[in-house]
Amino acid sequence: MSRHACPGKEGILRCHPDLAGRDLHSGTLTRESREEQARAGMDALSSAEASRVARLNEEYKRRFGFPFVICARATDKTRILRELSERCQNARAAEMARGIEEVKKICRLRLQGLVLSDAPNKL
Ligand SMILES: NC(=O)N[C@H]1NC(=O)NC1=O
């Protein structure tokens with residue numbers, strides 16, 4: 001992923017649904033995303049928190065042109081809210097690189113889950 005030119009990296013980041021976004025509330029998230037976001041408590045936000053996340057997600061996308069991405073399984077609601085606010089202030093290049101690193105963490109944990117699960121037909 002790190003070798004992709006910008007269009008590739010932006011495309012990868014744009015594949016990810018917003019945190020606590022409409023997909024989570026409409027039930028159109030993938031099982032993996034739903035579980036990851038729920039585990040971080042993103043499905044149990046107060047109305048004030050939900051409004052703040054929605055506003056910051058839109059601000060982030062408006063500023064960078066791709067969504068805020070974080071590996072929700074590696075963190076929690078409080079830290080996600082803080083990082084979303086803080087990372088809005090970063091430079092675009094820095095956020096593209098950080099987003100790709102977060103995607104790598106998400107992929108690594110998903111693959112570990114597949115390999116370590118006792119699913120009959122793993123791959
Ligand atoms: N926007 C975003 O980070 N979404 C992803 N993060 C995660 O851990 N699961 C997702 O759906």
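The figures here come from the full heavy-atom set of this structure, side chains too, leaving out hydrogens, waters and symmetry mates. Just so you know, ligand 1 is whichever comes first in the structure, and atom 1 is the first atom listed for that ligand. For clarity, every value in this text was computed on a predicted model and none was experimentally measured.
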Pair E59-R63, salt bridge (Lys or Arg N to Asp or Glu O under 4.0 Å): steps then yes or no: CA-CA 6 Å; E59 179 185 338; R63 182 176 164 87; over 6 Å; no
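For A91 against F64, the heavy-atom pair with the smallest separation is C-CE2, 3.9 Å. When every heavy atom of I70 is checked against every heavy atom of I106, the shortest pair comes out as O-CD1, 3.7 Å.
Ranking the protein heavy atoms by distance from atom 8 (O) of ligand 1 puts A72 N, 2.8 Å first. The protein heavy atom nearest to atom 6 (N) of ligand 1 is I70 O, 2.8 Å. For atom 4 (N) of ligand 1, the closest heavy atom belonging to the protein is P17 O, 3.2 Å. For atom 11 (O) of ligand 1, the closest non-hydrogen atom of the protein is S33 OG, 2.8 Å. Closest to atom 9 (N) of ligand 1 among all protein heavy atoms lies E36 OE1, 2.7 Å.
At a heavy-atom cutoff of 4.0 Å, ligand 1 is contacted by the side chain of I106 but not by its backbone.
Using a 4.5 Å heavy-atom cutoff, the side chains of C71 and E101 are not in contact. Considering only heavy atoms from C-beta on, M42 comes within 4.5 Å of V53 through its side chain.
Counting the atoms of ligand 1 from 1 in the order shown, those under 4.0 Å from a heavy atom of Q37 are 10 (C), 11 (O). Each of the following atoms of ligand 1 lies closer than 4.0 Å to a heavy atom of C71: 8 (O).
S47 and R52 form no side-chain donor-acceptor contact under 3.5 Å, judged by distance and modelled atom types alone.
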